[in-house]
Amino acid sequence: MAKIKKQFVCQECAAISPRWMGKCTECNAWNSLEEKLVQKQTNRLATSQETWQHVDQTELLRLQDINYSEADRQLTGLEELDRALGGGMVPGSLILLGGEPGIGKSTLLLQAAYLMSQGLRVIYVSAEESAQQIKSRASRLGFESSDQFHLLAETQLDKILAILEQAQPEVVILDSIQAVYDSRLETTPGSVSQVKNTCNLMMKLSKQQGISSWIIGHVNKDGDIAGPKVLEHMVDTVLYFEGERYRSFRLLRTMKNRFGATHEVGVFDMTHQGLKEVTNPSALFLAEYDGDNSGSVIVPTLEGTRPILIEIQALTYASYANFPKRSSNGIAYQRLIQLIAVLEKRVGLNLSKSDVLVNVVSGLEIEEPAADLGVAMAMISSFRNLPLNQHTLYLGEVGLGGEVRAVNQIERRLQEGQKLGFKRAIVPQKNLPLQVETEMEIIGVKNLMQVLKTIPQSNEKATVSA
Ligand code: TYD
Ligand code: MG
């Protein structure tokens, strides 16, 4: 049998070194060497021709001979989780669940594991908590006994893999990848080489045995390098569990999915009895919306395939600094700067003496430009201290010329708005006519100037403006 030996490979230029060094001697990159285990070749390398002669042609498959149907997907029992996965787990796939410590990753997968164990053989590998701790949490969550639900409290990777290979489960959950280690590597648990090695071996096991595997990975606010980020390209699906520490709802976002759409969002509420699914997130996010406030706008966003109404708030106020402050939470900072520039140039809104804060209520990060018009209108509304019509939705991308550009899937967004009682929508002219009928009043606009004509021109009650 080939012997295993250690090598250090530069992540920048792939140069190989027999020992660890702070700096790569080939490309001079710092801290780029990473430990790898390789099989030592005792005899000479076979020529390509010799290798080819041993290749088995039966491995060539015709597309129609491969057995797979969407019906093979395994459901987790949590609809919000299945939605994020694109309709359940694909057998043999490897799913990474990342999130900050304490956000609820273990709780989520423990609940899912219990529900899955009603029909599938599930092993929950806990490398962080003892079996007793998990049992205590399971009792708190109200789980009854389940014959198909097994726990393994272990941190050594080779033991875990050996047990999994023998036990042949259908689903495995590894909690967490930072706590598991391979004793053949010199580095500590949680280091880049350890987590990559564990991920690699879990991937092999899942593919070979058709096990749906989950890996839990912690991320830190300061961007821990050995966190899930380094594993993203290796796994099939990447989900992140997010939320604000002092608010109870949690978002499950799909960052990558080889078997479905990205940007899907699952919404949960953390309660005393574990996570509860939120099937109508728009209602949750609008629960505290006060339409009488200036600077507040509702935008029908699309998260993956799901329309969600989101409140965007802006606050503009007199700045006492040489450089006025701009701060954004939930939309990209650069996008905000661009919109401020467009507002100044195209509609003459001068924010050069005002600080500007923009916040996407809910903790969602809105990446799509379809929310531009909402952000722009929130700033105008705050600057003029002018509440906008609280039954109106704003939708559209704003170009540098101040033009309002078309958005995708407008019908689904507006349907969600209508469902929640909105009466009016300001939308890009280019999106009209709509493909479906709606009871809402739809106003098409070509540019920001036209949007301004749709709002009240002054607020009698307004006393301050900044
Ligand atoms: P946990 O799943 O342990 O987080 P992670 O695995 O991401 O580190 O969640 C821990 C938090 O969740 C903890 O602060 C307590 C809270 N929690 C509840 O509020 N309700 C519950 O029913 C459970 C089990 C946990
Ligand atoms: Mg945990």
Side-chain angles (χ1 to χ4, degrees), residues 76-81 84-85 94-117 122-146 149-157 160 171-181 189-190 194-195 198-199 202 213-224 226-232 235 237-255 265-278 284 363:
T76 62
L78 290 169
E79 255 180 61
E80 293 292 303
L81 188 56
L85 293 170
L94 186 60
I95 307 159
L96 175 67
L97 175 67
E100 286 176 25
I103 202 71
K105 301 180 294 298
S106 303
T107 308
L108 177 68
L109 289 191
L110 195 65
Q111 283 182 236
Y114 173 69
L115 292 170
M116 287 189 273
S117 74
V122 181
I123 297 186
Y124 193 103
V125 183
S126 176
E128 290 188 356
E129 293 169 72
S130 69
Q132 286 72 19
Q133 281 173 310
I134 304 243
K135 171 80 184 177
S136 122
R137 187 184 305 211
S139 317
R140 178 175 171 186
L141 295 169
F143 296 173
E144 285 153 25
S145 57
S146 167
F149 187 9
H150 287 91
L151 267 180
L152 173 62
E154 180 57 66
T155 52
Q156 276 194 51
L157 184 64
I160 295 172
V171 181
V172 171
I173 293 157
L174 184 62
D175 184 3
S176 69
I177 192 156
Q178 277 104 345
V180 183
Y181 70 97
Q194 285 284 1
V195 297
T198 303
C199 186
M202 283 294 290
S213 306
W214 290 81
I215 290 178
I216 292 181
H218 298 294
V219 271
N220 292 341
K221 272 239 154 75
D222 12 301
D224 175 20
K229 281 272 172 256
V230 298
L231 306 175
E232 279 182 357
V235 301
T237 303
V238 179
L239 306 179
Y240 277 97
F241 207 34
E242 299 169 355
E244 291 166 30
R245 196 158 285 263
Y246 302 104
R247 303 186 74 168
S248 64
F249 63 84
R250 302 278 181 270
L251 301 173
L252 186 66
R253 304 171 145 280
T254 316
M255 306 304 283
V265 172
V267 187
F268 295 88
D269 191 15
M270 180 64 96
T271 70
H272 291 299
Q273 278 99 38
L275 290 155
K276 297 267 182 294
E277 302 187 71
V278 175
L284 174 76

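Order of appearance sets the numbers: ligands from 1, and atoms from 1 within every ligand. No experiment lies behind these values; they were computed from the predicted model shown. Both backbone and side-chain heavy atoms feed into the values below; hydrogens, waters and symmetry mates do not.
Counting heavy atoms closer than 4.0 Å to ligand 1, residue T271 contributes backbone atoms (N, CA, C, O) but none from C-beta onward.
For ligand 1, the atoms closer than 4.0 angstrom to any heavy atom of H272 are 21 (C), 22 (O). Close approach to Q273 involves these atoms of ligand 1, each under 4.0 Å from a residue heavy atom: 22 (O). Close approach of ligand 1 to P101 is summarised as follows: ligand atoms under 4.0 Å from at least one heavy atom of the residue are 8 (O). Counting atoms of ligand 1 from 1 in the listed order, those under 4.0 Å from a heavy atom of G274 are 21 (C), 22 (O). Residue L141 has at least one heavy-atom neighbour below 4.0 Å for each of these atoms of ligand 1: 22 (O). Near T107, the atoms of ligand 1 lying under 4.0 angstrom from a non-hydrogen atom of the residue are 1 (P), 2 (O), 9 (O), 24 (C), 25 (C).
In this structure, atom 10 (C) of ligand 1 has a protein heavy-atom contact shorter than 4.0 Å.
Between S136 and Q133 the shortest side-chain heavy-atom distance does not fall below 4.5 Å. At least one side-chain heavy atom of W214 sits under 4.5 Å from a side-chain heavy atom of L239. Within the 4.5 Å cutoff, no side-chain heavy atoms of E80 are placed close to those of L252. Annotation: side chain of S117 is not in contact with side chain of Y124 (no heavy-atom distance under 4.5 Å).
Considering backbone and side-chain atoms alike, H218 places every N or O at 3.5 Å or more from each N or O of ligand 1.
The CZ atom of R140 sits 11.5 Å away from atom CG of L110, with the distance rounded to the nearest 0.5 Å. With values rounded to the nearest 0.5 angstrom, L174 atom CG is found 8.5 Å from S213 atom OG.
Closest protein heavy atom to atom 19 (O) of ligand 1: M270 CG, 3.4 Å. At the shortest separation from atom 14 (O) of ligand 1 among protein heavy atoms lies G102 O, 4.2 Å. Summary of contacts: the protein heavy atom closest to atom 4 (O) of ligand 1 is G104 N, 3.1 Å. Among protein heavy atoms, the minimum distance from atom 6 (O) of ligand 1 is reached at S106 OG, 2.7 Å.
Put simply, part of E100 is less than 4.0 Å from ligand 1, judged by heavy atoms.
Backbone or side-chain N, O or S atoms of T107 do not reach the Mg ion (ligand 2) at under 2.8 Å.
Heavy-atom minimum distance, P101 versus V219: CD-O, 3.4 Å. The two atoms that bring R137 and S106 nearest to each other are NH1-CB, 3.6 Å, heavy atoms only.
Of the residues listed (L85, V235, L81), the one engaging I95 in a side-chain contact (heavy atoms from CB on, under 4.5 Å) is L85, and it is the only one.
Distances from atom 3 (O) of ligand 1 to the heavy atoms of K105, R137, E129 show the closest one on R137.
Heavy-atom neighbours of E277 CD from other residues, nucleotides or ligands within 6.0 Å: above the threshold of 12.
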